[in-house]
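The block underneath contains the structure these notes are about, expressed in structure tokens.
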Amino acid sequence: MTDERKDPSELSDADKPTGNVSSPYDSPTEQFPTVSAKNPLPRTDDDLDFGSTNANSLTEQIPTYRAPGADQPTVALERETAYDAPITAVPTAEAVAGTTETPRGRGTLDLGLLALRLAVGGTALVHGLQKLTGIWNGPGLGGFETMLADAGFQQAKWMAILGAVGEVAGGALLILGLLTPVAAASVLAVMINAWALRQASAPGLEYFAPAGTEYEMLLGICAGVIILTGPGRISLDGRRGWATRPFVGSLVVLILGIAAGVCTWIFLNGANPLI
């Protein structure tokens with residue numbers, strides 16, 4: 001038995017396949033259509049005419065690939081709300097440098113307030129010691145009481161004590177910068193009565209020394225200024241907020257100091273200092 005292939009025309013009827021059984025050797029070579037005037041050889045893309053029923057092309061068109069589920073409608077994905085937050089731009093170093101304000105210091109302000117407190121407090125202290133103890137050729141407490149009684153004050157003894165102690169305590173506290181608003185208000189109330197006493201001793205308005213009221217007026221105004229500005233950082237009250245940034249409380253203390261001085265004069269003397 002040999003493997004020599006026989007020509008189909010030489011097979012007998014018994015050797016020919018029957019039924020629908022086919023062999024790969026029945027048509028070993030695919031027959032392409034012949035090129036003729038009816039079926040010319042394509043030369044351009046238009047001659048290929050893919051997809052046409054009348055195509056005479058010798059080239060087989062490759063079918064288009066479509067993925068499974070490509071004919072289904074597209075479903076939009078939902079976006080999480082966490083990613084919808086607005087994006088804030090990070091400022092550049094130049095922008096930050098141009099918009100940030102550099103905090104400014106107080107300069108020599110605290111030194112100036114210290115000098116003011118020392119001047120007002122020292123002056124009030126030495127004058128109060130003159131009245132209280134008689135030091136430095138002062139009148140002493142008895143001479144101060146006599147002077148107040150001659151000026152028309154009622155309760156001259158108590159007024160002398162309160163006036164002398166108010167000047168000494170107020171002056172010392174101003175120098176230290178301790179309880180500064182109260183100390184300055186005490187000095188202010190004493191200076192209001194001293195101004196009214198000197199003004200009532202001479203007819204008309206007198207300002208220039210020695211008969212005028214410039215000394216009492218200057219000390220009273222400076223005491224009021226200290227109440228409004230605070231003692232500054234160079235003081236025992238320097239750590240308190242109102243020591244460097246006084247506000248409504250300082251204004252209230254100023255009003256109370258003025259009211260105390262005016263009421264003391266009205267109710268314990270009653271004279272009109274302007275006549």
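Since this is a predicted model, take the numbers as computed values, not measurements. If you read the sequence from its start, that first residue is 1, and numbering goes on from there.
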Problem set entry | Atom pair CD1 (I221) and CD (E216), whose distance is rounded to the nearest 0.5 Å | 11.5 Å
Problem set entry | Within one Ile-Leu-Val-Met-Phe-Trp-Tyr cluster: L174 and L176, side-chain cutoff 4.5 Å | no
Exercise. So if you build clusters from Ile, Leu, Val, Met, Phe, Trp, Tyr with side-chain heavy-atom gaps below 4.5 Å, do F208 and Y215 land together?
Worked result: yes
Problem set entry | I234 vs L113 side-chain heavy atoms within contact, under 4.5 Å | no
Exercise. When rounded to the nearest 0.5 angstrom, what is the spacing between CG in L109 and OG1 in T244?
Worked result: 9.5 Å
Exercise. With a 4.5 Å heavy-atom cut-off, do L141 and I161 have their side chains touching?
Worked result: yes
For this session: Is it possible for you to say whether L188 and V262 belong to one hydrophobic cluster, with membership spreading through side-chain heavy-atom contacts below 4.5 Å?
Result: yes
Exercise. Atom CD1 in I175, atom CG in L236: separation rounded to 0.5 Å?
Worked result: 12.0 Å
For this session: Can you see which heavy atom on T213 is nearest to which on Q199, and at what distance?
Result: CG2-OE1, 3.6 Å
Problem set entry | Worked verdict on L218 versus C222 for side chain to side chain contact (heavy atoms under 4.5 Å, CB included) | CA-CA 6 Å; L218 180 60; C222 289; 4.1 Å; yes
Problem set entry | Test item: L125 and V168 side chains (from C-beta on) under 4.5 Å apart, heavy atoms | yes
For this session: Could you state whether L162 and V187 fall into the same hydrophobic cluster, counting links through intermediate Ile, Leu, Val, Met, Phe, Trp or Tyr residues with side-chain heavy atoms under 4.5 angstrom apart?
Result: no
For this session: Answer yes or no: is there a donor N or O on one side and an acceptor on the other, between the side chain of S186 and the main chain of V182, under 3.5 Å?
Result: no
Exercise. Does R233 reach the main-chain N or O of G238 with its side chain, forming a donor-acceptor pair under 3.5 Å?
Worked result: no
Problem set entry | I258-L228 co-clustered via ILVMFWY side chain contacts under 4.5 Å | yes
For this session: Taking all non-hydrogen atoms of both residues into account, name the closest pair between A156 and L148 and its distance.
Result: O-CD1, 3.9 Å
Exercise. How long is the span from the SG atom in C263 to the CG atom in L256, to the nearest 0.5 Å?
Worked result: 10.5 Å
Exercise. How far apart are the closest heavy atoms of V126 and T123, and which atoms are they?
Worked result: CG2-O, 3.3 Å
Problem set entry | Note, L254 side chain near S250 side chain (heavy atom, < 4.5 Å) | no
Seminar exercise, completed: Heavy atoms of W195 and P273 approach each other most closely as CZ3-CG, 4.3 Å
Exercise. Taking side chain as C-beta onward, heavy atoms only, is I192 less than 4.5 Å from W265?
Worked result: no
For this session: Evaluate the side-chain proximity of E167 to M191: yes if any heavy-atom separation is below 4.5 Å, no if none is.
Result: yes
For this session: Could you tell me whether the side chain of R117 and the main chain of I226 form a donor-acceptor pair under 3.5 Å?
Result: no
Exercise. How far apart are the closest heavy atoms of F144 and P139, and which atoms are they?
Worked result: N-CB, 4.0 Å
Exercise. Taking all atoms of both residues into account, what is the closest heavy-atom pair of F153 and M159, and its distance?
Worked result: CE2-CE, 3.9 Å
Problem set entry | Distance-only donor-acceptor check, side chains D237 and T180, under 3.5 Å | yes
